[in-house]
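Each remark here refers to the structure printed beneath this line.
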Amino acid sequence: MCKLAAASISPIISMGARSFGIDEQDIKKALADPHWRKGLICVVKGIAAFGVQRPFVPGAPFQVVWDVTYGCNLRCKHCYASAGRPLEDELSTDEALGLIDRLAQMGVPILAFSGGEPLTRPDILQLVKRARERGMYVAMATNGTLISPTKAKEMRDAGVEYLQISIDGADASSHDALRGIPGCFDRALDGIKNAVAEQFFVNISTTVTKRNYREVEDIIDLCDELGANWFMAYNFIPAGRGKDMIASDLTPQMREDLLKLLHEKGKTSRCQVLSTAPQFARVALQKCSEGSVMVPTHFYNQVVEGRLFGLTEFIGGCGAARFYMAIRADGRIDPCVFFQKTVGNVRTDDLNEIWLNDPLFLRLRDKDVLKGNCGRCEYRYQCGGCRARANGYFDDPLASDPGCIRNVDRYTDLVEGVEESPGEKTAFGEQASNEGNQEGIPILNHISGSRM
């Protein structure tokens, strides 16, 4: 059977290597990695379950982002989880270990621990070890303030490979004001340095709002100085404490200018520059020549030649309920951590059944049912807008994303309904505000791209 399988897949590997200009031996070496093999199995299962769709849907989520606790040592004004104290009914250690086993059996390649602050959960390293033992790539989103040299080594030994650490300003004044605790900027920088020293893959993430919009370039330079692998610009999404702070969101023109800046900055920065805004792919496609197209999204960043342009329709776009799903601290299942529309609970529901057949998940994967301009846009397969933002602003997951330059009319509707906030010149004006959003963990690009 092994020989038969090898005979079947070898021509596919050879063709793929020639198409992408990659050495065939490099592909075979990558497939020796268990995380790559899990990903390949997800692809095959996806084709069997859903066929070849635009955009593509794997047979299991490539990544599950799990808020393991809502306990946190900071009080961020933008936190999607309104974190601070743990919930009374968070999953117990036994429940959490059982969930990890179920996710591994389901075929999930990547498990990302988030929160709250996951390092405040006493059994977090026990959970990390279990995930590693079950063959999953382990990531963690953290504010960085608790990563001492000793803690960094313990995390590395337990099996964490990827760290996302939040920096929301180029200096202490802007970062600390947002995060709610004086001194947390310097502690986060120390955490990043300790993580780099232990050779984690480090992603520095920034939720971009009017307050720090003009600091982004300096933050990217700071990422280079610290030795981070990635810089990730996050969308603001009105969830949790962020619901009261929509006046801080970027205007469509600001977001367009930001994405163009990220595209240009990515050409010279040592670290890779990405964004969770699906419109980043559209901006890149518009700016690149037909012969060589850079397609950056929050889970993919690759150059494809002109004749492979069609592949961008299968790769790109919002990944909620398509490439990843979220689990809350009490077991609730949502399309993504920013998308608070619960479809089940791990305590009572079959995870595989939800992934394959949940009505909301199925609708989110179909870019032809989107409403307004997002549904008509020629870039809907590469982009399709952020579904969490549509849900957060309009309570309609299929509505147009009001942050896109092509949806200025929807943005105008929002502006008319927002009152001025204390300390701000206008609700959506140029004067800075001080809110953003807690992060999830987009790491699929690291798994799929950095090993070749």
Side-chain angles (χ1 to χ4, degrees), residues 65-86 112-122 124-125 127-128 138-152 154-156 160 162-198 200-209 211-212 215 219 222-223 226 228-237 239-242 245 276 326 329 337-338 434-443:
V65 181
W66 178 11
D67 292 343
V68 289
T69 182
Y70 289 137
C72 189
N73 61 325
L74 301 185
R75 295 296 181 270
C76 303
K77 296 179 181 180
H78 60 341
C79 180
Y80 69 77
S82 300
R85 294 179 179 272
F113 295 101
S114 187
E117 172 50 57
L119 290 177
T120 64
R121 178 162 172 146
I124 186 61
L125 295 185
L127 304 185
V128 168
V138 182
M140 187 179 294
T142 169
N143 58 47
T145 62
L146 302 179
I147 305 178
S148 65
T150 299
K151 180 61 68 175
E154 291 174 350
M155 294 164 66
R156 193 69 165 141
V160 178
Y162 172 109
L163 285 175
Q164 177 177 295
I165 301 175
S166 303
I167 295 293
D168 284 314
D171 55 35
S173 61
S174 56
H175 178 87
D176 291 1
L178 173 65
R179 294 275 161 177
I181 302 294
C184 64
F185 178 77
D186 291 334
R187 291 165 59 194
L189 293 189
D190 287 341
I192 292 169
K193 293 172 184 176
N194 294 332
V196 170
E198 283 294 331
F200 287 97
F201 190 99
V202 176
N203 169 20
I204 293 179
S205 61
T206 300
T207 300
V208 184
T209 62
R211 176 59 180 266
N212 58 11
E215 299 180 49
I219 296 174
L222 177 61
C223 292
L226 293 169
N229 301 89
W230 282 3
F231 167 79
M232 182 72 66
Y234 268 77
N235 269 333
F236 169 86
I237 296 173
R241 287 195 281 263
M245 303 171 181
T276 64
V337 291
F338 303 112
N434 192 37
E435 292 80 31
N437 232 70
Q438 175 77 11
E439 292 78 15
I441 315 180
I443 61 175

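Just so you know, these numbers come straight off a predicted model, no measurement behind them. No hydrogens, no waters, no symmetry mates; every other heavy atom, side chains included, goes into these values.
Shown here for Gly116 and Cys72, the closest heavy-atom pair between the two residues is CA-CB, 4.2 Å. When all heavy atoms are compared, the tightest approach of Val337 to Ala326 is N-CB, 3.4 Å. The shortest heavy-atom contact between Ala188 and Ser166 is CB-O, 4.4 Å. Looking at every heavy atom in both residues, Gly115 comes nearest to Ala81 through O-CB, 4.4 Å. Across Leu163 and Ala195, no two heavy atoms sit closer than the pair CD1-CB, 3.7 Å. Heavy-atom minimum distance, Arg156 versus Glu198: NE-O, 3.2 Å.
Here the rule is side chain to side chain contact (heavy atoms under 4.5 Å, CB included) with Thr207, and of Thr276, Asn235, Asp168, Ile167 only Asp168 fits it.
Side-chain contact check for Leu119 versus Met155: some heavy-atom pair is nearer than 4.5 Å. When side chains are defined from C-beta on, Ile204 does not count as touching Leu222, because their heavy atoms never get closer than 4.5 Å.
Looking at residues two or more places apart in sequence or on another chain, you find a side chain to side chain donor-acceptor pair (under 3.5 Å) between Asn73 and Asn143, Thr145.
If you take CG on Leu146 and CZ on Arg187, they are separated by 6.5 Å, rounding to the nearest 0.5 Å. In this structure, the separation between CZ on Phe113 and CG on Leu125 is 9.5 Å, given to the nearest 0.5 Å. Taking CD of Gln164 as the reference point, atom CE of Met232 lies at 7.0 Å (rounded to 0.5 Å). Here Thr209 contributes atom OG1 and Glu215 contributes atom CD; the two are 9.0 Å apart, rounded to the nearest 0.5 Å. Here the straight-line distance linking atom CG of Leu178 with atom OG of Ser173 works out to 11.5 Å at 0.5 Å rounding. Annotation: the span from Arg85 atom CZ to Thr120 atom OG1 amounts to 12.5 Å, rounded to 0.5 Å.
Here the side chain of Arg241 pairs a donor or acceptor atom with the backbone of Cys76 at under 3.5 angstrom. Between the side chain of Arg179 and the backbone N or O of Cys184 there is no donor-acceptor pair closer than 3.5 Å. Remark: the backbone N or O of Ser174 is paired with a side-chain donor or acceptor of Asp171 at under 3.5 angstrom. Under a 3.5 Å cut-off, the side chain of Asp186 and the backbone N or O of Gly183 do not form any donor-acceptor pair.
Between the side chains of Glu117 and Thr142, a donor-acceptor pair is found at a separation under 3.5 Å.
Aromatic ring pairs are classed by plane angle as parallel below 30°, tilted from 30° to 60° and perpendicular above 60°; the pair Tyr162 and Phe201 is parallel.
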Could you go step by step and tell me if Val202 and Leu226 meet the side-chain contact (heavy atoms from CB on, under 4.5 Å) rule?
CA-CA 10 Å; Val202 176; Leu226 293 169; over 6 Å; no
Give the C-alpha distance, both sets of side-chain angles, the deciding distance and a yes or no for side-chain contact (heavy atoms from CB on, under 4.5 Å) between Tyr80 and Asp67.
CA-CA 11 Å; Tyr80 69 77; Asp67 292 343; 2.8 Å; yes
